Amino acid sequence: MTRYNPREAEPKWQAAWAEAGVDAAADPTQSDREKYYVLEMFPYPSGRIHVGHSRNYTMGDVVARYKRAKGFDVLHPMGWDAFGLPAENAARERGVHPRDWTLENIRVMRGQLQRLGLAIDWTREIATCEPDYYKHQQAIFLKLFERGLVVRKKAKVNWDPVDQTVLANEQVVDGRGWRSGAIVVQRELDQWFFKITDYADELLEGIETLDRWPDKVRLMQKNWIGKSRGARILFPFVEKDDARRFGCEGIEVFTTRPDTLFGASFLALAPDHAVTNALGAEDPSVESFQDYCRRTGVSEEEIEKAPKRGLDLGVKVRHPFDKDWELPVWTANFVLSTYGTGAIFGSPAGDQRDLDFARKYDLPVTPVVLPPNADPKTHKITDEAYTGDGTLYNSRFLDGLTTAEGIDRAIAKLEEVGLGEGATTYRLRDWLVSRQRYWGCPIPIIHCDNCGVVPVQEELLPVRLPDDVRFDKPGNPLDRHDGWRHVDCPECGAPARRETDTLDTFVCSSWYFLRFTSPWREDIPFDPEVAKAWMPVDQYVGGIEHAILHLLYARFFTRALRDAGLIDLPSGEPFAGLFTQGMVTHRTYRSDDGRWLGPNEVEERDGQTVEIATNKTVSVGQLEKMSKSKKNVVDLDAFIEDFGADAARWFVLSDSPPERDVEYTAEGVDGVWRFIQRVWALCDGHPQGAPSPSADVPACDGADLELRRTVHRAVKDVSDAIEGFRFNSAVASIHELVNEIRRHKGEGDAAIAARSEALGLMARLISPFMPHLAESCWERIGGEGLVATQGWPDYDPALITADSVTLPVQVNGKRRGEIVVARGAPSDAVEATALAEAGVARSLEGLTVRKVIVVPDRIVNIVAG
RNA sequence: GCGGGCGUGGCGGAAUUGGUAGACGCAAGGGACUUAAAAUCCCUCGGCCGCAAGGUCAUGCCGGUUCGAUCCCGGCCGCCCGCACCA
């Protein structure tokens with residue numbers, strides 16, 4: 001009897017799989033088998049992989065191996081989301097070039113993933129920072145530019161004046177740059193945008209077709225797009241002069257409730273609305289109000305708590321339905337310039353914010369919507385607005401209409417008088433893709449004083465990132481790299497400048513799944529025929545943190561590429577199935593002086609947790625997602641060294657449902673180790689010369705037949721669990737199977753044959769989860785070839801349905817006994833057996849049976865009183 | 001504030017169309033083997049009553065529908081997530 005040694009077995013089987021080429025994907029255009037594309041969100045090469053990261057890849061791998069065994073042509077590739085800020089931070093902090101840092105991380109992480117035994121087709125590996133990837137991205141950019149989907153417009157950015165760089169929102173902490181600590185200012189820059197809003201409706205409608213996505217993610221996308229229907233209304237200026245002053249005829253507002261127009265009491269503009277800005281330039285009090293709003297605009301918490309504030313701008317507009325009705329125009333801190341038209345009309349009775357504002361500044365409140373069953377004479381609005389539906393009143397020609405009718409009627413009237421129209425707005429904004437950074441895909445554009453914005457000719461792609469850059473000064477090194485920046489204009493030949501912005505890394509991840517289908521094509525981003533055959537991704541696996549942006553951008557990209565004729569994908573949907581997995585969490589430890597401590601820096605002593613180095617007690621903190629910053633990570637290599645890849649794979653799938661977090665515990669790992677050894681011991685103890693696990697089992701009965709039933713039942717349960725992404729249930733079923741096999745004794749031929757079959761099926765059921773152990777078991781019990789090349793086992797339906805069933809018998813809903821009857825036995829016979837059962841008869845003493853419910857093959861319930 | 005989700009033993013969780021609540025794992029306790037330990041194996045393991053057979057309560061709380069509710073409906077409490085002054 002030997003112990004199972006993963007350190008020997010795992011490299012051996014990984015070499016055997018490589019030798020047999022089992023992980024290479026077939027060419028789907030040359031195959032008549034069904035395809036299955038399974039993909040995990042590709043990682044950012046941040047350094048090393050820990051056990052937490054491995055959960056996502058293991059889930060994808062289980063699916064890949066299962067589908068492969070089921071006879072699908074499986075595509076299961078891996079790559080690297082290799083551009084991004086951490087590489088530049090490393091460059092600044094440690095003087096290492098972003099490319100070297102990134103490539104080294106990739107090398108390390110690739111090795112880690114390979115040691116995990118993932119069934120990945122490594123010949124398709126891509127890294128987005130390589131010119132042979134971003135070259136195609138630049139070509140795609142130009143294609144979208146040609147089609148008018150790329151535009152340049154001004155946008156506000158967070159500017160760090162010390163680092164001279166643009167900051168992402170999460171890099172602004174309490175109004176200050178996260179690195180420099182300088183106060184961040186808002187700056188307007190010319191920026192590149194993708195016109196994702198052109199696809200707002202299609203992206204919204206497409207959500208309905210994504211029936212294999214979590215409802216939660218679909219809802220989040222829906223809210224993000226935020227479509228709302230209503231009307232755009234022009235309130236003309238009272239003073240003719242104002243039209244000239246502000247360069248427009250009046251104030252345009254967006255509303256979802258044009259039916260409440262007769263309740264209007266004021267207009268409110270965003271503090272940075274064009275008209276507010278114009279007034280701010282001449283009126284110091286307006287300017288100081290704008291300053292106030294800008295200041296509170298920095299911290300979210302303050303915005304939350306900020307009371308409604310406004311300022312009367314002294315401008316007057318006319319009501320669209322009554323030219324003698326004048327309304328004051330205010331500016332208010334709760335109006336967003338980025339939504340709708342940046343202006344609202346306040347109808348205080350029907351909107352809480354408007355009401356708060358009106359009460360504060362003593363503006364009129366006219367109720368116009370009468371709630372159902374309310375009396376118009378007594379209905380009053382005090383501190384609470386009525387936002388529901390009802391009947392319109394105090395509203396002239398709208399009186400008596402319902403809310404819905406009123407909206408239609410008001411819009412019709414607005415159109416009639418030429419002061420408005422039905423309109424739809426979206427919360428979704430265009431996708432800002434400019435980043436004032438070095439380590440990203442260069443935007444293939446040249447700025448010429450004569451010709452303006454000129455695209456780089458396609459044959460000159462890629463526009464390569466220069467390697468000779470320095471990070472010793474703040475700002476974007478590309479801006480200072482004159483040799484790279486200065487080029488001749490492709491159109492007129494005059495001296496011109498390259499665009500120094502690089503693309504948001506979300507662009508890279510918006511089409512990588514297409515590149516995987518034919519990564520060797522140098523001339524085009526991907527082969528349209530091959531991409532058509534593989535797409536869409538059948539199962540995408542990743543974190544919930546990408547529920548909105550990444551998935552929405554990718555959905556936009558596939559539509560844009562489809563419309564540009566690059567891919568034949570009528571639905572435009574890249575991911576047919578999506579699964580969002582939970583994290584691996586681990587306890588956190590902190591020393592007295594606030595240092596985070598790793599799990600191997602502390603130990604338990606007499607019920608206390610102490611730091612090994614100092615012998616001081618440490619405080620045991622919350623469960624947190626494994627992360628480097630909290631030091632609660634368990635490195636994958638160290639884990640594999642101790643317990644093997646299979647243990648890591650099995651652990652992260654055990655116990656918790658895949659969509660929920662799972663807690664890493666040393667005890668749990670010990671349990672996995674014991675289980676692996678038990679499985680191995682079962683196989684190792686199997687007699688040499690026993691029948692092959694694939695041989696037919698002779699007729700058997702008793703315990704042997706029971707074993708066969710159990711095993712075939714397990715085949716069904718595990719298959720169903722994998723199909724349903726319930727890996728924790730699959731793990732439980734395999735545990736039960738192993739327990740049953742262990743209980744089975746008997747040395748006769750039938751017993752040994754039944755055990756051969758059981759162990760063989762066990763190995764195959766285990767193989768998607770613990771592929772190395774499965775191969776070792778399979779080899780030991782005399783299986784032919786590799787488990788990796790076996791088909792998925794079928795169960796014998798006759799074996800999973802027993803001839804007799806055990807039925808619980810309830811009396812008045814309480815279980816009082818159980819009976820064994822033939823499967824499908826007639827109800828009256830079942831009833832008679834149930835009534836005769838001793839325990840049942842006892843509890844029926846003194847009662848009259850009123851009714852007997854027999855649910856065939858499930859339960860009997862006797863109603864008695 | 002709006003939207004969504006979740007509450008089951010000491011713990012993670014099963015129970016997939018309303019039909020035996022607590023599968024499986026972890027922890028804990030007891031025992032076997034051993035000079036001892038480790039490893040391994042066996043047994044117990046929701047609460048209460050009971051020597052036991054068995055009874056009884058129990059899936060956050062209150063109520064409803066049903067022969068029967070962890071599951072469906074209404075109300076409440078708690079926790080988590082997303083968006084956040086969206087006109």
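In the text below, chain A, chain B and the rest are named by the order of the sequence lines, each starting its count at 1. Everything numeric here is computed off the predicted structure, so don't read it as measured data.
A glycosidic torsion no more than 90° from 0 defines the syn conformation; B:rG46 lies beyond that range and is anti.
Closest to the A:Lys851 side chain, of the nucleotides B:rC24, B:rU20, B:rC67, is B:rC67. Taking every side-chain heavy atom of A:Arg660 into account, B:rG13 is the closest of B:rG19, B:rC26, B:rG13. Side-chain atoms of A:Val335 lie closest to B:rA87 of the nucleotides B:rU20, B:rA87, B:rA15. In this structure, the nucleotide among B:rC24, B:rG19, B:rA87 sitting nearest to the side chain of A:Gln810 is B:rG19. Comparing B:rA14, B:rC67, B:rA87 by their nearest atom to the side chain of A:Tyr339 picks out B:rA87. With distances taken from any side-chain atom of A:Val863 to the nucleotides B:rC67, B:rU20, B:rC41, the minimum falls on B:rC67. Proximity note for A:Leu336 (side chain, C-beta onward) versus B:rG12, B:rC85, B:rC26: the nearest is B:rC85. Closest approach to the A:Arg816 side chain among B:rG55, B:rG13, B:rC85 is made by B:rG55 (side chain taken as heavy atoms from C-beta onward). For A:Ala732, counting side-chain heavy atoms from C-beta on, the closest listed nucleotide (B:rU20, B:rG54, B:rA23) is B:rA23. For A:Asn728, the side-chain atoms get nearest to B:rG13 when compared with the rest of B:rC24, B:rC85, B:rG13.
Summary of the strand contacts: A:Asp661 and A:Leu807 both lie near RNA chain B, and taking for each the nucleotide with the nearest heavy atom, the more 5' one is attributed to A:Asp661. Closest-nucleotide positions on RNA chain B for A:Leu219 and A:Asp354 were compared, and the one nearer the 5' end corresponds to A:Leu219.
For NZ of A:Lys227, the number of neighbouring non-hydrogen atoms (other residues, nucleotides, ligands) closer than 6.0 Å is greater than 12. Atom CZ of A:Arg823 has more than 12 neighbouring heavy atoms from other residues, nucleotides or ligands inside a 6.0 Å radius.
Looking at heavy-atom distances under 4.0 Å, A:Arg742 makes contact with sugar-phosphate atoms alone, never a base. Nucleic acid contact class of A:Gly340 (heavy atoms, under 4.0 Å, all strands): none. Residue A:Thr255 is classed as a sugar-phosphate contact, given heavy-atom separations below 4.0 Å to backbone atoms only. A:Asn739 comes within contact range of the sugar-phosphate backbone alone, with a heavy-atom separation under 4.0 Å but no base atom that close.
At whole-Å resolution of the value, CZ in A:Arg678 and P in B:rU40 are 8 Å apart. In this structure, A:Glu736 atom CD and B:rG25 atom C1' are separated by 11 Å, rounded to whole Å. Rounded to whole angstrom, the span from the CE atom of A:Met220 across to the C1' atom of B:rG4 amounts to 10 Å. When rounded to the nearest whole Å, the span between CZ of A:Arg232 and P of B:rC86 equals 18 Å. Remark: C1' of B:rC86 and CZ of A:Arg427 are 8 Å apart, rounded to the nearest angstrom. Atoms CD (A:Glu663) and C1' (B:rA27) sit 12 Å apart, rounded to a whole Å. For the pair A:Glu837 CD and B:rG54 P, the computed distance is 10 Å after rounding to whole Å. For the pair A:Trp224 CH2 and B:rG82 P, the interatomic distance rounds to 12 Å; values are reported in whole Å.
Under 3.5 Å, the side chains of A:Gln581 and A:Arg660 contain no donor-acceptor pair of N or O atoms. A donor-acceptor contact under 3.5 angstrom links the side chains of A:Thr2 and A:Asp684, judged on distance only.
Nucleotides B:rC71 and B:rC6 have their P atoms positioned 12 Å apart, rounded to a whole Å. Rounded to whole Å, the separation between the P atoms of B:rG47 and B:rC2 comes to 42 Å. Of the P atoms belonging to B:rU56 and B:rC41, the separation is 39 Å, rounded to the nearest Å. Rounded to whole Å, the P atom of B:rA28 lies 41 Å from the corresponding atom of B:rC83. Of the P atoms belonging to B:rG64 and B:rU70, the separation is 15 Å, rounded to the nearest Å. Nucleotides B:rG13 and B:rG3, compared at atom P, are 28 Å apart to the nearest Å. If you take atom P in B:rG22 and the same atom in B:rA14, they sit 15 Å apart, rounded to whole Å. The gap from the C1' atom of B:rC11 to that of B:rC86 amounts to 43 Å, rounded to the nearest Å.
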(request) Toss me the dot-bracket line for RNA chain B: Watson-Crick and G-U wobble, both under 3.5 Å, 5' to 3', using | for pairs to another strand and [ ] for crossers. (result) (((((((..(((......[....))).(((((.......))))).((((....))))..(((((..]....))))))))))))....
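Classified by interplanar angle (parallel below 30°, tilted 30° to 60°, perpendicular above 60°), the ring pair A:Trp680/A:Tyr4 is tilted. Taking the six-membered ring where the residue is Trp, A:Trp330 and A:Tyr361 present tilted rings, their angle falling between 30° and 60°.
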(request) Report the C-alpha separation of A:Phe334 and A:Asp354 in whole Å, then their side-chain angles, then the decisive distance to 0.1 Å, and conclude whether the side chain to side chain contact (heavy atoms under 4.5 Å, CB included) test is met. (result) CA-CA 10 Å; A:Phe334 67 90; A:Asp354 295 351; 3.9 Å; yes
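Between A:Lys216 and B:rC83 there is no side-chain N or O to OP1 or OP2 distance below 4.0 Å. In this structure, A:Arg429 does not reach the B:rC86 phosphate: none of its side-chain N or O atoms is under 4.0 Å from OP1 or OP2. A close approach under 4.0 Å does occur between a side-chain nitrogen or oxygen of A:Arg674 and OP1 or OP2 of B:rC26. Of the side-chain N and O atoms in A:Asn861, none sit less than 4.0 angstrom from OP1 or OP2 of B:rU66.
If you look at A:Phe639 and A:Phe651, their ring centroids are not closer than 6.0 Å. Ring centers of A:Phe321 and A:Phe262: under 6.0 Å apart, within the cut-off.
Contact check on A:Glu208 versus A:Lys222 returns a salt bridge, with a Lys/Arg side-chain nitrogen under 4.0 Å from an Asp/Glu carboxylate oxygen.
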